[in-house]
Amino acid sequence: MFALCHALAVCLGRLRGVHTDIGGEQGQTGGRIVVLGMGLLTRQDQATKDASDILGRLWANESGDLGIPIDVVRIARKLGIDVLDVEMDQGISGAIVKELNADPMIMLNQSDSSNRKRFTCAHEIGHYVRRSQEGSPDYAYLDRRGPLAAQGSDEGEVYANKFAASLLMPELEVKRRFKKDATVVALAVEFLVSEDAMNFRLQNLGLVSAGRSL
Amino acid sequence: MGVKVPPDSGAAVARELAQGVREGKPSTQAEDLQNAGQVQILKFRGVYAWVLIGALVGQLIVADVVFILYACLGVGWNISQPIIGAWLGAAVVQVIGVVLVVTRSLFPGAQTLSPRA
């Protein structure tokens with residue numbers, strides 16, 4: 001069964017143009033494809049699914065509707081994470097620290113804009129969710145600024161970036177609003193994210209082509 | 001300023017930051033959207049209130065002054081009742097209109113956040 005899954009994963013990985021290196025258990029994979037039950041999910045797919053689960057569990061109302069904008073600080077607190085604005089170096093956007101027998105703590109750079117802090121907070125929640133799935137009791141992440149941070153190839157950072165985008169800009173909600181001929185600026189204002197983040201999200205969802213914005 | 005960042009020491013710096021916070025490094029609870037919105041609304045309510053009071057007082061003064069000038073320099077104090085009614089009525093309607101627009105449009109009562117939030 002595992003061999004069959006592995007073969008399928010390799011095929012899927014080739015189709016998607018990514019490398020596969022399956023460790024066999026969720027949370028202990030060295031590569032980008034994770035075996036989950038009978039399905040095969042890339043890390044990015046997994047991040048999208050996890051964000052969707054969190055929204056459904058902690059944010060959607062009784063009828064399943066998502067209120068936009070998403071309040072990620074509130075979601076973090078519902079997960080038992082303390083979220084603080086802290087004075088820190090300008091080169092750092094935020095950090096998350098979980099120590100043994102202590103609640104996790106997200107620290108945001110207090111001098112950042114509120115939209116920037118929201119994205120950082122969502123990104124750190126992504127680290128928390130991923131490490132919680134792995135059952136890690138002790139970890140720490142520091143997120144620095146700069147283009148390398150956004151284009152990072154580190155598996156955890158890729159997951160956290162995708163998770164943050166999916167949490168703040170849920171695919172269905174973005175597509176629903178995009179159909180109404182909304183501009184990037186209008187969408188960014190509605191979702192309380194930066195224009196760059198919204199533009200990137202629209203490109204990733206295939207709603208606009210790369211290098212072109214509305 | 002905060003902690004300097006040497007390369008490839010992310011986790012250590014993060015732990016150092018957390019340790020600093022636990023030991024009393026200045027920090028505040030991050031505001032969620034609802035609280036941030038309330039704080040902003042309260043802040044701007046004060047500003048708008050004073051600006052509005054000033055504008056409305058100014059408007060009433062101008063309406064009265066023009067009315068007096070109209071009476072003194074124009075047609076005299078023998079002003080017909082419909083003109084007085086229309087003049088002062090228009091001033092009152094303007095005042096109420098401005099207050100209604102500001103209070104209803106700028107400070108909506110309903111929250112747009114999810115009910116479960």
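A note on names: the letters A, B, ... follow the listed sequences, proteins ahead of strands, and every chain is numbered from 1.
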Derivation of the side-chain contact (heavy atoms from CB on, under 4.5 Å) call for A:Met107 and B:Lys25: CA-CA 12 Å; A:Met107 292 165 285; B:Lys25 180 183 173 71; over 6 Å; no

Chain B heavy atoms under 4.5 Å from A:Leu84: which part of the residue, side chain, backbone, both or neither? both

As an exercise, state the distance from CZ of B:Arg15 to CG of A:Asp138, rounded to the nearest 0.5 Å. 4.5 Å

Can you name the nearest heavy-atom pair linking B:Ala14 to A:Ala95, along with the distance? CB-CB, 3.9 Å

Interatomic distance, CG@B:Leu17 vs CD1@A:Ile96, rounded to 0.5 Å, equals 13.0 Å

How many angstroms lie between OG in B:Ser27 and CE in A:Met105, if you round to the nearest 0.5 Å? 7.5 Å

Portion of A:Leu192 that has a non-hydrogen atom of chain B nearer than 4.5 angstrom: side chain

Based on non-hydrogen pairs under 4.5 Å, which of A:Asp85, A:Val73, A:Val86, A:Asp143 is most in contact with chain B? A:Asp85

